[in-house]
Amino acid sequence: MTDRVDPQDIQHKFERWSALQSKLLQAQQDWREAEALLSEVQEYYLSPQWMQDREADVTIKHSGEAHSIFSEDGIWNAMTEHQEQAITWMRLGLDAIDK
């Protein structure tokens, strides 16, 4: 025999889910934008121009909120983080489907 569920509690949970759902849709749009941006950064990083620009000490302005594009570790870490996030998103999606 199962315990009786409080319908009001379920209503609150459904409303919370509804609020989160719109945020999840925005997160998907943000993911697509981030994917496109990082793809361009990665293409530049893997091109011969990146090394030429880095060795020529090309001056760039950056906000300081992220590493310089000439920071090999910074770009490498960004690509690694992105891949790990993609794996996490896939696992979350698969968990939802498997329920």
Side-chain angles (χ1 to χ4, degrees):
M1 181 174 196
T2 60
D3 294 331
R4 182 155 167 75
V5 175
D6 178 2
Q8 188 61 57
D9 183 48
I10 299 300
Q11 178 64 37
H12 289 302
K13 289 177 181 179
F14 184 67
E15 290 171 4
R16 177 70 178 138
W17 172 86
S18 182
L20 290 172
Q21 187 65 12
S22 64
K23 290 181 181 182
L24 291 171
L25 290 173
Q26 181 61 51
Q28 288 175 351
Q29 291 174 352
D30 291 346
W31 178 266
R32 287 182 188 101
E33 180 183 0
E35 176 71 22
L37 294 168
L38 187 60
S39 178
E40 287 187 52
V41 170
Q42 185 174 353
E43 185 177 324
Y44 171 68
Y45 171 69
L46 296 174
S47 75
Q49 182 185 341
W50 179 84
M51 185 59 76
Q52 293 165 359
D53 291 346
R54 184 175 180 216
E55 289 175 352
D57 203 21
V58 171
T59 302
I60 57 169
K61 296 179 184 178
H62 63 92
S63 66
E65 293 180 22
H67 292 284
S68 162
I69 58 168
F70 296 128
S71 167
E72 192 165 8
D73 287 343
I75 291 181
W76 187 258
N77 289 342
M79 291 186 308
T80 301
E81 279 180 34
H82 186 71
Q83 184 178 23
E84 289 171 359
Q85 288 173 343
I87 291 167
T88 299
W89 280 90
M90 286 188 325
R91 287 190 179 135
L92 288 169
L94 290 173
D95 288 347
I97 291 169
D98 287 345
K99 284 186 177 181

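Note: hydrogens, waters and symmetry copies are ignored here, and every other heavy atom, side chains too, is used. For reference, positions follow the sequence shown, starting with 1.
- Two residues are said to be in side-chain contact when any heavy atoms from C-beta on lie closer than 4.5 Å; Q11 and Q8 meet this criterion.
- Annotation: side chain of D95 is not in contact with side chain of K99 (no heavy-atom distance under 4.5 Å).
- When only modelled atom types and interatomic distance are considered, Q85 and E81 share no side-chain donor-acceptor pair under 3.5 Å.
- The pair K13-D9 counts as a salt bridge, with a side-chain nitrogen and a carboxylate oxygen less than 4.0 angstrom apart.
- Heavy-atom minimum distance, L38 versus M79: CD2-CA, 4.2 Å.
- In this structure, CG in L92 is found 9.5 Å from CG in L24, a value given to the nearest 0.5 Å.
- More than 12 heavy atoms of other residues, nucleotides or ligands sit less than 6.0 Å from atom CH2 of W31.
- Neither side chain, H82 nor Q42, offers a donor N or O lying under 3.5 Å from an acceptor on the other.
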Quick one: side chains of residues 60-68, donor-acceptor pairs under 3.5 Å with protein atoms, not counting sequence neighbours, listed by atom name and distance.
| residue | atom | partner | partner atom | Å |
| --- | --- | --- | --- | --- |
| H62 | ND1 | G64 | N | 3.4 |
| S63 | OG | E65 | N | 3.1 |
| S68 | OG | F70 | N | 3.0 |

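- Within a 6.0 Å sphere centred on CD of Q83, heavy atoms belonging to other residues, nucleotides or ligands number 12 at most.
- A donor-acceptor contact shorter than 3.5 Å links the side chain of T88 to the backbone of E84.
- Between Y45 and W50, the ring planes lie perpendicular to each other; the angle is over 60°, past the 30° to 60° tilted range.
- When atom types are taken as modelled, the side chain of S47 and the backbone of Y44 share a donor-acceptor pair closer than 3.5 angstrom.
- With hydrophobic clusters built from ILVMFWY side chains whose heavy atoms lie under 4.5 angstrom apart, L37 does not share a cluster with I75.
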